[in-house]
Amino acid sequence: MSDRTPPAGDRANTDYTDHTDRPALAAAAAEVPDLAPWLARRATVRQFDTDAEIPDDEVRAMVDAGRKAPTSGTTQMYSFVWIRDPDRRERIHELCSRGTVQVEEASQFLLVCIDVRRIRLLLEHRDREFRTTPAMGLLEGSIDASLAAMGVMLAAESRGYGVCPIGNILNNLTEVAATADLPAGVLPIFGLCLGVPRHGEATENAPRVPLDTVLHEGGYRDPTAAQLDACYDAMNEMYGDSVYGDDRREWQETLERYWGPNGFMNRREGELLDALRQQGFFAARGIDEPADADTADADSGAPDPDADRNGNGGGAA
Ligand SMILES: Cc1cc2nc3c(=O)[nH]c(=O)nc-3n(C[C@H](O)[C@H](O)[C@H](O)COP(=O)(O)O)c2cc1C
């Protein structure tokens, strides 16, 4: 293996599709920098230089890098849909409700999508049957797509570009999918703004809860009261003199805004179920056909998840 490894000077030109080049890291661990200190400093960028462009080839190279993320069963259940039409970007910004002007201002905007459609087409191409279910499609596809997207983000940030994931597309997911002309079996899960950070932007990242509340050594334990306080102490640091600005807010309000009974997540739940239905994830017999022809929704032609006799519907997703 080591005699196949190119010298360090050639690494920048690595052809990621060249099978003779793998597994490169095992042979050259010492040449790979320790990313931990760099990860500790990375930050979401929300303000972009609107005059600076990321060239198309750079976008392709960064997505190419993301493709080397691990993928469940080698199946690669994701696609990146590159939204290039300014009108569509404007519409997606509208559908994000508000506060995500970076969708229009970043040089490039991608939709990170679960894609089980390509798997279906691949199977059918070899005369084999495909079957998806909403929960597994959502879970496995989200894992695959997110890991690949993290690779794209790291590639972008390591090149000095700024990145902002956009979860606000979930506010109007069905319309975002329609605006992007996404067919059945393809579901966007977040957007990705890529651009050149605007001059002068603070590149301060948000704090994180303490390590001992996320790393459960030897088995899961609920955090103690002291550990819960330590989480708040850590996270409340972000509201002072920081990019988050507002020194009157406290983290419990942020948590409640997302996960309280009337929070974003609960409000998005119905929209997600609708989008899964619209994009065919409830159709257990194949992504274009209803799960049960007798019980399919008469208006939309989409399957009625609550009536799915295969047990794949309802609140499962
Ligand atoms: C799935 C996902 C969705 C996100 N959606 C948004 C968004 O819609 N708008 C935004 O400004 N930031 C968004 N972010 C960025 C987070 O707000 C950011 O990662 C978090 O505040 C921590 O900040 P840091 O990345 O600078 O440490 C999103 C991040 C993730 C992982």
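Atoms considered below: every heavy atom in the structure, side chains included; atoms not considered: hydrogens, waters and symmetry mates. All ligand and atom numbering here is 1-based and tracks the order in the structure.
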Any atoms of ligand 1 less than 4.0 Å from a non-hydrogen atom of [X]? List them with their elements.
X    : value
Q102 : 10 (C), 11 (O)
R42  : 25 (O)
A43  : 26 (O)

Can you find an N/O atom of [X] closer than 3.5 Å to an N/O atom of ligand 1?
X    : value
G167 : yes
N205 : no
C164 : no
P165 : yes

With E271 via side-chain hydrogen bond (donor to acceptor under 3.5 Å, both in side chains) - residues at least two apart: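 With neighbours one apart ignored, the set is T174.
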Any donor-acceptor pair under 3.5 Å from R91 side chain to A180 backbone: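 Side chain of R91 to backbone of A180: no pair is present.
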Short side-chain to backbone donor-acceptor contact, R257 and G263, under 3.5 Å: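 It does not hold such a pair.
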Side chains of [X] and [Y]: donor-acceptor distance under 3.5 Å anywhere?
X    : Y    : value
R120 : T132 : no
E53  : S107 : yes
R41  : N205 : no
Y161 : Q108 : no

Heavy-atom nearest option to atom 9 (N) of ligand 1, drawn from T100, L170, V101: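 Selected option, by shortest heavy-atom distance: T100.
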Side chain, backbone, both or neither: the part of R208 lying under 4.0 Å from ligand 1 by heavy atom: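 Contact part for R208 vs ligand 1: side chain (C-beta onward).
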